[in-house]
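Both counts, for ligands and for their atoms, begin at 1 and track the order of listing.
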Amino acid sequence: MKLSQGIAGLVVVAASVLLLVDRTEPMNPALARLSPLPPTPLDPTNRWADDARAVRLGHWLFFDPRLSLDASVSCATCHDPALAFTDGKPLAETLGVGIRKTPTILNTVHSRWLFWDGRADSLWAQATEPIENPLEMGMDRLALAHRVLAETDLREAYEVLFGPLPELHRSERFPAHARPIPNDPGHSHAVAWAGMNEQDRESVNRFYANLGKALAAYERQLVRADAPLDRYVAAMAAGDTEGGGHLSASAKRGLELFLGRGNCTTCHSGPTLSDLEFHNNQVPTADGRPPTDPGRFEGARLVKANPFNGAGAYSDDNQGPAAARVRRLKTDSMGWGEFKTPSLRNLAGRAPYFHAGQMADLESVLHFYSTLEGASGQSHHQENVLRPLHLSAEETADLLGFLLSLEGRPLDPFWNSAPPQPSLDRRP
Ligand code: HEC
Ligand code: HEC
């Protein structure tokens with residue numbers, strides 16, 4: 001975060017403290033900025049983002065273990081609807097153990113950057129990564145294309161929407177396994193990929209991006225809004241100084257702390273309760289050793305180099321605002337050890353917390369903000385926003401009450417499990 005932004009944040013916080021004290025003011029503007037959650041933003045980089053057939057196919061694919069090499073892992077294995085679309089583990093674990101905590105997919109359509117390090121700039125670009133991650137689904141894009149061709153239901157659903165698959169029967173042009181692996185060019189998959197002609201690589205990439213676009217169309221449905229905080233703010237805006245009784249007295253005190261002395265809105269601002277950017281909170285590491293995860297430092301470089309980014313050949317709007325955003329992005333060293341500010345909506349049910357699941361529950365998160373106990377070492381380009389808050393037991397309970405007022409209305413249960421089949425002529 002730049003110093004100017006930090007100062008701006010502090011000014012906002014200072015202004016909000018003054019407004020909270022001034023009871024004649026109808027509503028604190030800092031509070032008004034937290035609600036309501038705006039409508040789902042359009043994604044012109046994905047032509048199928050709001051296509052009902054793509055939603056249906058994506059819904060099916062999300063729960064389909066055939067997207068993994070040994071058909072044992074689906075997206076839902078780690079993003080389990082019963083656990084707020086997470087896995088409940090500190091580090092994701094399927095074919096191997098990863099280095100980061102599985103984040104929720106609820107409301108993630110409101111993110112600007114995806115992943116803890118922001119190495120993808122759209123939901124569809126994001127979806128291509130876990131499929132080929134050897135620790136997650138272990139697939140490669142050629143094997144996936146051959147599988148979609150072989151499985152009639154998938155092939156039909158794919159072709160109705162996106163047109164014919166690549167000419168996969170031409171085995172001299174389309175090997176059984178291949179994918180680009182920039183940091184391991186000697187890997188057999190990478191060698192096979194390099195051996196393909198450019199046009200064929202492009203047709204496979206397009207197939208792969210299309211699957212991502214269908215998955216994204218489904219993920220766009222996973223929004224939980226209209227939390228008690230939203231109802232409280234709406235009532236306040238309508239002139240009810242009690243906020244319709246939607247927050248308890250304790251949650252209201254927690255809200256004042258959140259906007260005021262707690263400084264939380266320096267980063268957890270706006271209607272997602274995230275600035276959608278990256279910060280280094282010096283979260284303790286699990287083993288107490290100095291942190292090794294470069295976070296945004298690497299993520300910024302990766303998203304610019306990602307062929308599936310908004311400015312790339314597979315984007316359906318590669319001259320639009322999403323393309324400009326990724327082109328503008330700077331990859332300087334300010335981002336070392338920074339992670340995305342998570343949205344604080346729908347926190348319950350997605351424990352443990354922080355980027356490597358370092359905190360088992362929300363009480364432990366608040367204990368950290370209160371004491372900064374175990375904070376991992378400063379580096380020279382560390383931002384210095386956090387100060388120990390020295391919260392009393394009552395203040396901790398109040399903040400917790402506030403955080404739990406951010407639970408949106410439950411999803412329509414239709415989205416919580418696989419649809420009956422990938423047929424394209426069913427609801428919604
Ligand atoms: C092995 C468990 C696992 C599987 C399987 C998995 N994910 Fe994830 N997912 C994760 C982890 C861990 C992260 C965070 C990784 C990181 O930030 O480096 C993540 C991040 C995400 C994000 C970004 C959320 C955000 O707020 O930035 C989305 C969206 C997502 N996954 C969707 C999917 C989809 C779609 C699939 C299936 C194609 C999938 N995931 C499969 C574990 C998994
Ligand atoms: C300097 C910016 C900043 C400030 C100030 C800040 N946060 Fe955070 N918050 C973050 C970031 C970044 C993360 C993720 C950190 C990580 O995992 O390394 C986070 C994580 C969290 C989480 C865990 C969410 C999850 O999904 O893992 C909670 C809860 C939280 N913050 C609440 C608060 C509260 C309450 C306050 C005020 C007392 C606060 N934060 C102040 C940036 C901030």
Side-chain angles (χ1 to χ4, degrees), residues 1 6 9 13 58 61-65 67-68 73-79 85-87 89 91-111 113-120 123-124 126-131 133 135-139 211-212 215-216 218-219 222 254 257-258 261-269 273-275 277-283 291 293 295-296 299 337-344 346-347 350-359 362 365-366 368-370 376 383-387 389 391 395 399-400 402-403 406:
M1 190 178 73
V13 170
L61 293 175
F62 190 85
F63 292 92
D64 193 338
L67 295 194
S68 64
V73 182
S74 73
C75 307
T77 305
C78 298
H79 299 284
F85 290 84
T86 70
D87 53 10
K89 298 172 185 169
L91 301 175
E93 179 174 5
T94 49
L95 302 182
V97 183
I99 60 162
R100 297 194 185 131
K101 158 82 169 69
T102 306
T104 182
I105 298 181
L106 291 169
N107 295 14
T108 203
V109 63
H110 288 279
S111 292
W113 307 103
L114 285 298
F115 289 120
W116 284 103
D117 59 4
R119 67 183 181 277
L123 279 175
W124 63 269
Q126 189 287 328
T128 61
E129 297 213 10
I131 300 175
N133 185 332
L135 303 174
E136 298 191 342
M137 301 171 89
M139 206 31 149
L211 286 193
L215 282 161
Y218 162 67
E219 292 174 295
L222 307 180
L257 199 51
F258 189 85
R261 184 170 87 77
N263 240 351
C264 310
T265 46
T266 304
C267 307
H268 296 283
S269 54
L273 292 95
S274 164
D275 57 2
E277 288 299 332
F278 303 83
H279 302 275
N280 187 334
N281 273 9
Q282 296 173 252
V283 171
D293 190 334
R296 186 57 173 159
E338 288 184 6
F339 295 94
K340 185 166 78 170
T341 309
S343 166
L344 299 182
N346 310 306
L347 272 172
R350 62 177 218 232
Y353 300 94
F354 288 153
H355 69 271
Q358 293 97 326
M359 298 294 162
L362 289 172
V365 171
L366 294 179
F368 174 70
Y369 282 120
S370 180
S376 56
E383 58 177 317
N384 247 321
V385 176
L386 293 183
R387 298 268 180 277
L389 294 172
L391 300 169
E395 286 174 319
L399 262 180
L400 194 61
F402 168 65
L403 292 177
L406 300 170

Atom 26 (O) of ligand 1: closest protein heavy atom, distance to 0.1 Å, is Thr108 OG1, 2.8 Å
| message | One thing to verify: whether Asp117 and Arg119 come together as a salt bridge, which I'm taking to mean a side-chain N less than 4.0 angstrom from a carboxylate O. | response | yes
When distances are taken from atom 41 (C) of ligand 1, the protein heavy atom at minimum range is Pro130 CB, 3.4 Å
Could you walk me through whether Lys340 and Ser111 pass the side-chain contact (heavy atoms from CB on, under 4.5 Å) check? CA-CA 10 Å; Lys340 185 166 78 170; Ser111 292; 3.2 Å; yes
Check: So is there a nitrogen or oxygen of Tyr369 less than 3.5 Å from a nitrogen or oxygen in ligand 2?
Finding: yes
One finds that the ligand 1 atoms under 4.0 Å from a non-hydrogen atom of Ala92 are 2 (C), 12 (C)
Note: ligand 2 atoms sitting under 4.0 Å from heavy atoms of Asn263 are 5 (C)
Item to complete: Give the ring-plane orientation class for Phe258 versus Phe402, where under 30° counts as parallel, over 60° as perpendicular and anything between as tilted.
Response: tilted
Note: Leu389, heavy atoms under 4.0 Å from ligand 2, region reported as side chain
Closest heavy-atom pair, Thr266 versus Asn263, reported as atoms and distance to 0.1 Å, is OG1-O, 2.9 Å
Tightest non-hydrogen contact, residues Pro130 and Gln126, listed as CD-O, 3.1 Å
Here the pair of heavy atoms bringing Tyr353 nearest to Leu347 is OH-O, 2.8 Å
The answer for which part of Leu123 has a heavy atom under 4.0 Å from ligand 1 is side chain
Nearest heavy-atom approach of Ala127 to Gly212 is CB-CA, 4.0 Å
Specify whether an N/O/S atom of Cys264 falls short of 2.8 Å from atom 8 (Fe) of ligand 2.
no
inquiry  = If we ignore hydrogens and angles and just use 3.5 Å, is the side chain of Gln282 paired with the main-chain N or O of Ser376 as donor and acceptor?
reply    = yes
field: Main-chain N/O of Thr104 paired with Thr86 side-chain donor or acceptor, under 3.5 Å
entry: no
Here the atoms of ligand 2 under 4.0 Å from any heavy atom belonging to His355 are 16 (C), 17 (O), 18 (O)
Smallest heavy-atom separation, His268 atom then Leu273 atom, equals ND1-O, 3.0 Å
TODO: Check whether any N, O or S atom of His79, backbone or side chain, sits closer than 2.8 Å to atom 8 (Fe) of ligand 1.
DONE: yes
the protein heavy atom lying closest to atom 37 (C) of ligand 1 turns out to be Cys75 SG, 1.8 Å
Contact region, Ile105 to ligand 1, non-hydrogen atoms below 4.0 Å, reads side chain
If we number the atoms of ligand 2 from 1 as shown, the ones under 4.0 Å from a heavy atom of His279 are 2 (C), 12 (C)
Close approach, Glu129 and ligand 1, non-hydrogen under 4.0 angstrom:
no
Logged contact type for Lys101 with ligand 2, heavy-atom cut-off 4.0 Å, is neither
Atom 14 (C) of ligand 1: closest protein heavy atom, distance to 0.1 Å, is Pro103 CD, 3.4 Å
Can you tell me how the ring of Phe62 sits relative to the ring of Tyr218, calling it parallel under 30°, perpendicular over 60° and tilted otherwise?
tilted
A student checking ligand 1 against Ser74 at a 4.0 Å heavy-atom cut-off should list atoms 5 (C)
Ligand 2 to Gly262, heavy atom cutoff 4.0 Å, flagged ligand atoms 37 (C), 38 (C)
Any heavy atom of Phe339 under 4.0 Å from ligand 2? The part involved is both
* **Side-chain donor or acceptor of Thr341 paired with backbone N/O of Asp275 under 3.5 Å** => no
Heavy-atom proximity to atom 42 (C) of ligand 2, picking from Val365, Thr266, Asn281, points to Asn281
Here the atoms of ligand 2 under 4.0 Å from any heavy atom belonging to Cys267 are 1 (C), 2 (C), 3 (C), 4 (C), 5 (C), 42 (C), 43 (C)
ask   = Do Leu403 and Leu366 touch side chain to side chain, with heavy atoms closer than 4.5 Å?
value = yes
Honestly, for Leu344 the part within reach of ligand 2 (heavy atoms, under 4.0 Å) is side chain
Looking only at protein heavy atoms, what sits closest to atom 23 (C) of ligand 1 is Phe115 N, 3.8 Å
**Distance-only side-chain donor-acceptor flag, Asp87 / Thr102, under 3.5 Å** = yes
Thr94 side chain to Leu135 main-chain N or O, any donor-acceptor pair under 3.5 Å? yes
I'd like to know if Phe402 contacts ligand 2, where contact means a heavy-atom distance under 4.0 Å to any ligand atom.
no
**Q.** Asp293 vs His355, side-chain contact (heavy atoms from CB on, under 4.5 Å): CA-CA, chis, key distance, verdict
**A.** CA-CA 10 Å; Asp293 190 334; His355 69 271; 4.3 Å; yes
Residues Leu399 and Gly254: closest non-hydrogen pair is CD2-O, 3.6 Å
Only residue of Phe278, Phe354, Phe339 satisfying side-chain contact (heavy atoms from CB on, under 4.5 Å) with Trp116 is Phe339
Would one find an N or O of Leu366, backbone or side chain, under 3.5 Å from an N or O of ligand 2? no
So the atoms of ligand 1 within less than 4.0 Å of a heavy atom of Arg100 turn out to be 12 (C), 16 (C), 17 (O), 18 (O)
Of all protein heavy atoms, the one nearest atom 17 (O) of ligand 1 is Trp116 N, 2.8 Å
Measuring from the heavy atoms of Thr102, does anything fall under 4.0 Å of ligand 1?
yes
The atoms of ligand 2 lying under 4.0 Å from a heavy atom of Arg350, numbered in the order shown, are 24 (C), 25 (C), 26 (O)
Inset, instruction - May I ask whether Arg119 places a heavy atom under 4.0 Å from ligand 1? - result: yes
Contact check: Gln126 vs ligand 1, nitrogen or oxygen atoms, below 3.5 angstrom: yes
The answer for which part of Leu386 has a heavy atom under 4.0 Å from ligand 2 is side chain
For Leu362, the atoms of ligand 2 under 4.0 Å from one of its heavy atoms are 29 (C)
min-distance protein heavy atom vs atom 2 (C) of ligand 1 -> Cys78 SG, 1.8 Å
- Query: Any donor and acceptor pair, going by atom type alone, linking the side chain of His79 with main-chain N or O of Pro103 inside 3.5 Å?
  - Reply: yes
Does ligand 2 have an atom that lies less than 4.0 angstrom from a heavy atom of Met359?
no
re atom 35 (C) of ligand 1, the protein heavy-atom contact at minimum distance is Glu219 OE2, 3.5 Å
Note: ligand 1 atoms sitting under 4.0 Å from heavy atoms of Lys340 are 25 (C), 26 (O), 27 (O)
Regarding Thr341, does it place an N, O or S atom less than 2.8 Å from atom 8 (Fe) of ligand 2?
no
Numbered in order shown, the ligand 1 atoms found under 4.0 Å of a heavy atom of Ile131 are 38 (C)
A student checking ligand 1 against Val73 at a 4.0 Å heavy-atom cut-off should list atoms 5 (C)
